[in-house]
Amino acid sequence: MKKVLSLLAVAALLMFNGCNPSTSETPITDALKSAKKGWVMTSVKSVPAYVLESGVALDELFADGTVEDNTGFFFACEKDDAIIFGENGVETIDPGKLLPEDPTEAYQIATVAQYIVNETTKEIQFQMPWEYNKDLSSYDTPLEKCTVQEYSSKKLVIKYTRNDDENPAKAQNTFTITYEPVK
């Protein structure tokens, strides 16, 4: 009896180890579309630390301060922006809270863009709501290219390398951005 049980245990172990986990894994695109109300940022870590004009260096860009008081990377109104990944590569940006009255502070508007997912390389290209053109009149034109680090229907973690076009003397920063579904 012990031999039969041992043989069955070894067979079960071989059967589970022989499964190809990549074929049973949910595609990135399906995970992105699973958040029907969209994805909102909850954390943005920078390596190296991002240096503000004030000289303050931030490792965590999302949690610390705001642009308005020169203590953070994001405008307060950007922290609730939702990205909705829809069918056929259509991305909708829902800006959430509206902008302050001063149009020189930033630009946000509900907009539709595109997104592209490469399931093989785990890359995603999409429009980030906080990347604006130089005169802050609209989102920048190029899609941001990111690498998906972790994904499920409850969490999306991407890496994004950003060059500071405004100040080329600044370091190139790699951001690890965590998104969660809008509640």
(Q) Side chains of E119 and T29: any donor to acceptor distance under 3.5 Å? (A) yes

Q.
A side-chain contact here means heavy atoms from C-beta on lying under 4.5 Å apart; do V44 and F74 qualify?
A. yes

(Q) I want to check something: taking the side chain as every heavy atom from C-beta on, are E60 and S43 in contact at a cut-off of under 4.5 Å? (A) yes

Hey, any chance [X] and [Y] share a hydrophobic cluster, counting ILVMFWY side chains that come within less than 4.5 Å of each other, even indirectly?
X: W39; Y: Y151; answer: yes
X: Y179; Y: Y160; answer: yes
X: V157; Y: F126; answer: no
X: I177; Y: L58; answer: yes
X: F62; Y: L52; answer: yes

Which atom of [X] lies closest to which atom of [Y], heavy atoms considered:
X: I116; Y: L143; result: CD1-CD1, 4.1 Å
X: A82; Y: V182; result: CB-CG2, 3.7 Å
X: T26; Y: A31; result: CG2-N, 4.1 Å
X: A35; Y: P181; result: CB-CB, 4.0 Å

What's the spacing between [X] [atom1] and [Y] [atom2] if we round to 0.5 Å?
X: C146; Y: R162; atom1: SG; atom2: CZ; result: 12.0 Å
X: E78; Y: M128; atom1: CD; atom2: CE; result: 12.0 Å
X: I158; Y: T147; atom1: CD1; atom2: OG1; result: 9.0 Å
X: Y115; Y: T92; atom1: OH; atom2: OG1; result: 9.5 Å

(Q) Going by the rule side-chain contact (heavy atoms from CB on, under 4.5 Å), which residues pair with D59 if we only count those two or more places apart in sequence or in a different chain? (A) A49

Q: Quick one: list whatever passes side-chain contact (heavy atoms from CB on, under 4.5 Å) with K159, sequence neighbours left out.
A: Q149, T174, T176

Q: Would you check if the side chain of E150 reaches a backbone N or O of K155 as a donor-acceptor pair within less than 3.5 Å?
A: no

Q. Can any side-chain N or O of N173 pair as donor or acceptor with the backbone N or O of P48 at less than 3.5 Å?
A. yes

Q: Scan I28, L156, V148 and name whichever one has a side chain to side chain contact (heavy atoms under 4.5 Å, CB included) with I124.
A: V148

Q: Decide side chain to side chain contact (heavy atoms under 4.5 Å, CB included) for V56 and T71; before the verdict, give the C-alpha distance in whole Å, the side-chain angles of both, and the deciding distance to 0.1 Å.
A: CA-CA 7 Å; V56 172; T71 58; over 6 Å; no

Q: Determine, using ring centers only, whether F73 and F175 are less than 6.0 Å apart.
A: yes

Q: Mind running side chain to side chain contact (heavy atoms under 4.5 Å, CB included) on E144 and Q125 for me, showing each step along the way?
A: CA-CA 5 Å; E144 280 72 48; Q125 295 178 55; over 6 Å; no

(Q) Walk me through whether I83 and E91 qualify under side chain to side chain contact (heavy atoms under 4.5 Å, CB included). (A) CA-CA 7 Å; I83 302 170; E91 170 193 3; 3.5 Å; yes

Q. Within a reach of under 6.0 Å around NZ of K33, are more than 12 heavy atoms found that belong to other residues, nucleotides or ligands?
A. yes

